[in-house]
Amino acid sequence: ACDNAVATVIDDQDFIDHTIAEQGTRPGALLTILEQVQDHHPHKYLPLEALAYIAHRTGVPLSRVYSVATFYALFNLEPEDIHLEFGIPV
């Protein structure tokens, strides 16, 4: 299970790096980056680890990335569609 989590983090970082490279530093790039990263995530949300990585890679302060992610209703900071059975995701 740990190997799976590590692979997911690496995959997410690769996707984020690619998305940032694609968007560059144009105005509005952060919104597009956040949207694409959220769409890429299997549970359609922005984990805090992803926000921190985006801040690190773009040079945008984490507080700014977080404020953008929480300001717009289209962004989710918690997973969507996770069904729990006996406290375990199914």
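- With rounding to the nearest 0.5 Å, the separation of CG in L31 from OH in Y72 is 5.0 Å.
- Listed by first and then second residue, the salt bridge (Lys or Arg N to Asp or Glu O under 4.0 Å) pairs that reach into residues 41-57 are D17-R57, sequence neighbours excluded.
- Screening residues 22-31 for salt bridge (Lys or Arg N to Asp or Glu O under 4.0 Å), with sequence neighbours left out, gives no hits.
- Annotation for I33 and T19: closest pair CA-CG2, 3.9 Å, computed over non-hydrogen atoms.
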| said: One pair to check against side chain to side chain contact (heavy atoms under 4.5 Å, CB included): Y66 and L48. What are the steps and the verdict? | reply: CA-CA 8 Å; Y66 185 81; L48 292 179; 4.0 Å; yes
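- Residues forming a side chain to side chain contact (heavy atoms under 4.5 Å, CB included) with A69 (at least two apart in sequence, or on another chain): L34, L46, L51, L77.
- Counting heavy-atom neighbours within 6.0 Å of F75 CZ, excluding the residue itself, gives a total above 12.
- When the side chain to side chain contact (heavy atoms under 4.5 Å, CB included) test is applied to P61, the partners found at least two apart in sequence or on another chain are S63, R64.
- Listed by first then second residue, pairs satisfying salt bridge (Lys or Arg N to Asp or Glu O under 4.0 Å) with a partner in residues 28-41 number zero, not counting sequence neighbours.
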Practice item. Could you give me the CA-CA distance, side-chain angles and deciding distance for Q23 and L30, then say whether side chain to side chain contact (heavy atoms under 4.5 Å, CB included) is met? Key: CA-CA 8 Å; Q23 295 304 314; L30 182 58; over 6 Å; no
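- Between G24 and A29 the shortest heavy-atom distance is O-CB, 3.6 Å.
- F15 approaches Q36 most closely through the heavy-atom pair CE2-O, 3.4 Å.
- Legend: salt bridge (Lys or Arg N to Asp or Glu O under 4.0 Å) pairs involving residues 66-79, not counting sequence neighbours: none detected.
- Q38 places a side-chain N or O within donor-acceptor distance of the main-chain N or O of N76, the cut-off being under 3.5 Å.
- Not a single side chain to side chain donor-acceptor pair (under 3.5 Å) links H56 to another residue, sequence neighbours left out.
- Using cut-offs of 30° and 60° for the angle between ring planes, the Y45 and H41 rings count as perpendicular.
- S67 is linked by a side chain to side chain donor-acceptor pair (under 3.5 Å) to nothing, counting only residues two or more places apart in sequence or in another chain.
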